[in-house]
S.K.: 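Below are the structure tokens for one structure; questions will follow.
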Amino acid sequence: MAPSTRNDHRGREARARLRAQREEAARRAGLRGRLVVGGAVLAAAAVAAGGAVYAANSAAPEADKPFVRPAHTTGRTG
């Protein structure tokens, strides 16, 4: 095998290796991006759910106060 043929072969192998590395880096970057977006969506959903729970609890009447029967009612069901 002539030296130039060996160099061509090595060059092809090096280019293939570099292309494979670039493709792997692109796959990892895509996965990282999807994970970041998914995490942001989950965080936003958790904040929204927490806000809804807080609003529901703050709108509820307090249980510590005694029940006051409305005026002009009789019987068990009013």
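Given the structure is predicted, the values throughout are model-derived calculations rather than measurements. Hydrogens, waters and symmetry mates play no part in the numbers below; they use all other heavy atoms, side chains included.
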S.K.: Throw together a table of side-chain donor-acceptor distances under 3.5 angstrom for residues 10-25, partners on residues two or more places apart or in other chains.
M.R.:
from, atom 1, to, atom 2, distance (Å)
E13, OE2, H9, NE2, 2.9
E24, OE1, R27, NH2, 2.9
E24, OE2, R28, NE, 3.3

S.K.: Quick one: hydrophobic cluster around V36, which other residues, with the 4.5 Å side-chain cut-off, linked directly or via members?
M.R.: none
S.K.: Report the residues that fulfil side chain to side chain contact (heavy atoms under 4.5 Å, CB included) with L35, sequence neighbours left out, ordered by chain and then residue number.
M.R.: L31
